[in-house]
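Before any comments, here is the structure.
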Amino acid sequence: MKISIEKMKELRVELKENSYPIYIGSGLLQQKQILLKHIKSKQVLVVTNTTIAPLYLDKLIKSLIDFQVEVIELPDGEQYKKLEYISKIFDCLLEKKFSRNATLVALGGGVIGDMGGFAAACYQRGIPFIQIPTTVLAQVDSSVGGKTGVNHPLGKNMIGAFYQPQCVIADMDVLDTLDDRQLIAGIAEVIKYGLIRDLDFFEWLEKNMSLLLARDKQALAYVIERSCINKAEVVAEDEFETGIRAILNLGHTFGHAIETGTGYGQYLHGEAVSIGMGYAADLSKRMGWLSELDVTRILALLKLAGLPVEPPADMSVEQFLDFMSVDKKNVDGNIRLILLKSIGEATLPINVEQKQLEQTLTNYAG
Ligand code: NAD
Ligand code: GLY
């Protein structure tokens, strides 16, 4: 089925002078006019990886025919999301003598988007960039909102910058080549929106998960749009995460500990977040906010999506506490977490008593 550009959805992230559109639709990579509208330079650097390049680079390059295009292909994987590879992007920009008005286009999943955005934020103190997200996770979450950065061996996403793109181009056609494990990992962040602020969406997902897993185009389009609306609203309220934006991190402190503790790569980000949301639900029950039934319902939806909820067998409570103590939400060394008051309503970051946290870490079984 070929959906024409007329059916493309356009949302907006409202951030005063940093506002930008999110385009969602089919065949958008071939829509030269979108790129023409948002690229104000002659020089364009496409940052992608060795998996995505053979699939989609040619299509993109054809749409960039009017520009002087250079490409850097990074190795594929979360383990390469580190400063060393940001440096390689700088090497390329400098070797090709890219000026301050050059545009960087990030073509890939969340790893490429976060790295491309961070390189753009730093090169000559900031050059324009465009997000072309190619995974569900990137289309529903990471490409929107301007969080960019890399991992450190001691902490996930600990080096980075807030830096907004010129636009986000979410071409749903590219999801056809995404494998099921990656598709499902993206659904974790989708369920997150239902849990933190959108009960209706949570209920829709309970009823329609099978359509989503069958890659029904309409269901996918709806989910990408509704997720982006949720994300854009939160980001518009709190661009720099001084308050409400932190709710987007439900389950992430546990999840980041799992990703860091298992060495980046064993668990996909979305999988680690899914397990983390299970921990957060358990702790929210211990706080007296969620009922046993709520927790069962949350775990049932995660499992229905095919997401893992069981804690990793080889991580101790001490390791969890150690990795959780390196988190951007922490204040004065205290671990702060996003929990749930109910399904559809998250708390702001709260200090949790060590004893209560230890009870969850010890007893939660998924
Ligand atoms: P990813 O970027 O590693 O992509 C997953 C895999 O799919 C990779 O192997 C990639 O090469 C491949 N791939 C990408 N697009 C494809 C396609 N269309 N067809 C076939 N294969 C394709 O992982 P991800 O899940 O997209 O992103 C995870 C990253 O996003 C993490 O580093 C996480 O920290 C970050 N993240 C950032 C934010 C943010 O706000 N900036 C939010 C959530 C997650
Ligand atoms: N993924 C969390 C955020 O963008 O704030």
Side-chain angles (χ1 to χ4, degrees), residues 13 29 47-57 59-60 73-82 106-118 121 131-151 155-165 168 170-190 192-193 196 227-228 230-232 234-253 255-256 258-260 264-265 267-274 328-329 338 349:
V13 186
L29 267 186
V47 178
T48 188
N49 75 21
T50 49
T51 304
I52 298 150
L55 296 170
Y56 300 112
L57 190 57
K59 264 190 192 162
L60 177 62
E73 286 181 31
L74 299 174
D76 182 6
E78 184 75 38
Q79 65 274 34
Y80 302 107
K81 186 179 162 182
K82 53 183 177 180
L107 172 71
V111 168
I112 288 295
D114 282 13
M115 292 176 78
F118 186 48
Q131 288 273 19
I132 306 188
T134 61
T135 60
V136 170
L137 185 137
Q139 295 193 352
V140 300
D141 189 352
S142 63
S143 63
V144 175
K147 276 193 182 174
T148 72
V150 291
N151 302 325
K156 167 98 180 140
N157 291 339
M158 290 307 282
I159 320 289
F162 287 100
Y163 194 63
Q164 303 295 340
V168 177
D171 183 342
M172 289 170 45
D173 290 351
V174 303
L175 302 180
D176 291 346
T177 52
L178 199 62
D179 67 36
D180 284 342
R181 187 177 171 202
Q182 295 290 349
L183 175 100
I184 290 168
I187 294 175
E189 301 280 13
V190 172
K192 174 190 77 181
Y193 294 116
I196 58 174
S227 299
C228 286
N230 269 296
K231 177 120 191 207
V234 174
V235 170
E237 219 179 301
D238 178 22
E239 181 179 0
F240 299 111
E241 199 168 308
T242 52
I244 191 75
R245 182 167 179 166
I247 67 172
L248 296 170
N249 292 314
L250 176 73
H252 283 55
T253 309
H256 287 171
I258 293 170
E259 285 185 87
T260 312
Y264 301 123
Y267 287 88
L268 301 180
H269 176 72
E271 294 170 345
V273 166
S274 170
K328 293 186 289 310
K329 285 184 298 304
I338 306 301

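Order of listing sets the numbers, starting from 1, for every ligand and every atom in it.
The proximity of Asn49 to ligand 1, defined as any non-hydrogen pair under 4.0 Å, is limited to the side chain. Counting heavy atoms under 4.0 Å from ligand 1, residue Thr134 touches it through both backbone and side chain. Of the heavy atoms in Ile52, only side-chain atoms (C-beta onward) come closer than 4.0 Å to ligand 1. Only the side chain of Thr51 comes within 4.0 Å of ligand 1, judged by heavy-atom distances. Only side-chain heavy atoms of Asp141 come within less than 4.0 Å of ligand 2; its backbone N, CA, C and O stay farther off. At a heavy-atom distance under 4.0 Å, only side-chain atoms of Asn157, from C-beta outward, approach ligand 1. When heavy-atom distances to ligand 2 are checked against a 4.0 Å cut-off, Glu189 has no atom that comes that close, whether in backbone or side chain.
The shortest N or O to N or O distance between His252 and ligand 2 is not below 3.5 Å. The distance criterion of under 3.5 Å between nitrogen or oxygen atoms is not met by Asn249 with respect to ligand 2. Inclusion of Lys192 in the set of residues having an N or O under 3.5 Å from an N or O of ligand 2 is not warranted.
Atom 19 (N) of ligand 1 has Thr177 OG1, 2.7 Å as its closest protein atom, hydrogens excluded (heavy atom only). Here the heavy atom of the protein found nearest to atom 38 (C) of ligand 1 is Ser142 CB, 3.2 Å. At the shortest separation from atom 34 (O) of ligand 1 among protein heavy atoms lies Lys156 NZ, 2.8 Å. Of all protein heavy atoms, the one closest to atom 23 (O) of ligand 1 is Gly110 N, 4.1 Å. Here the protein heavy atom with the shortest distance to atom 4 (O) of ligand 2 is Lys231 NZ, 2.6 Å. Atom 35 (C) of ligand 1 has Asp114 OD2, 3.4 Å as its closest protein atom, hydrogens excluded (heavy atom only). Here the heavy atom of the protein found nearest to atom 40 (O) of ligand 1 is Lys231 NZ, 3.3 Å. With respect to atom 21 (N) of ligand 1, the closest heavy atom belonging to the protein is Leu178 CD1, 4.0 Å. The protein non-hydrogen atom at the shortest distance from atom 28 (C) of ligand 1 is Leu137 CD2, 3.8 Å.
Contact annotation: the side chain of Leu268 approaches that of Arg181 to within less than 4.5 Å [non-hydrogen atoms, C-beta and beyond]. In this structure, Tyr56 and Leu29 have side chains that are in contact, with non-hydrogen atoms separated by less than 4.5 Å. Under the 4.5 Å side-chain criterion, counting only non-hydrogen atoms from C-beta, Val111 is not in contact with Asn49. Side-chain contact between Lys147 and Asp114 is absent, with no heavy-atom pair separated by less than 4.5 Å.
Without hydrogens or angle criteria, Lys192 side chain to Leu248 main chain gives a donor-acceptor distance under 3.5 Å.
Taking the six-membered ring where tryptophan is involved, the planes of His269 and His256 are tilted, since the angle between them lies from 30° to 60°.
The shortest non-hydrogen separation linking Gly146 to Gln164 is N-OE1, 3.2 Å.
Close approach of ligand 1 to Glu189 is summarised as follows: ligand atoms under 4.0 Å from at least one heavy atom of the residue are 43 (C). Under a 4.0 Å criterion applied to the non-hydrogen atoms of Leu55, ligand 1 contributes the atoms 19 (N), 20 (C). Of all atoms in ligand 1, numbered sequentially from 1 with element shown, those under 4.0 Å from a heavy atom of Tyr56 are 18 (N). Proximity to Lys81 (heavy-atom distance under 4.0 Å) selects the following atoms of ligand 1: 31 (C), 32 (O), 33 (C), 34 (O), 35 (C).
Between Asp171 and Lys59 no salt bridge is recorded (no basic side-chain N to carboxylate O distance below 4.0 Å).
The closest approach between Glu259 and ligand 1 stays at or above 4.0 Å for every heavy atom of the residue. Every heavy atom of Leu268 sits 4.0 Å or more from the atoms of ligand 1.
Heavy-atom proximity to atom 1 (P) of ligand 1, evaluated over Thr50, Val111, Leu183, is greatest for Val111. Between Asp76, Thr135, Val235, Leu107, it is Thr135 that holds the heavy atom closest to atom 14 (C) of ligand 1. Here atom 7 (O) of ligand 1 lies nearest to Gln182 when heavy atoms of Gln182, Met115, His252 are compared. Among His269, Arg245, Glu78, Lys147, the residue whose heavy atom lies nearest to atom 32 (O) of ligand 1 is Glu78.
Side-chain contact of Glu189 with His252: a donor-acceptor pair under 3.5 Å is present, judged by distance alone.
Distance check on atom 12 (C) of ligand 1: every protein heavy atom falls at or beyond the 4.0 Å cut-off.
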Next item on the list: Start with the C-alpha gap between Lys156 and Asn151, add the side-chain angles, then the distance that decides, and say whether side chain to side chain contact (heavy atoms under 4.5 Å, CB included) holds.
Entry: CA-CA 5 Å; Lys156 167 98 180 140; Asn151 302 325; 3.5 Å; yes
Next item on the list: Show your working on side-chain hydrogen bond (donor to acceptor under 3.5 Å, both in side chains) between Thr253 and Asn249 and close with a plain yes or no.
Entry: CA-CA 7 Å; Thr253 309; Asn249 292 314; over 6 Å; no
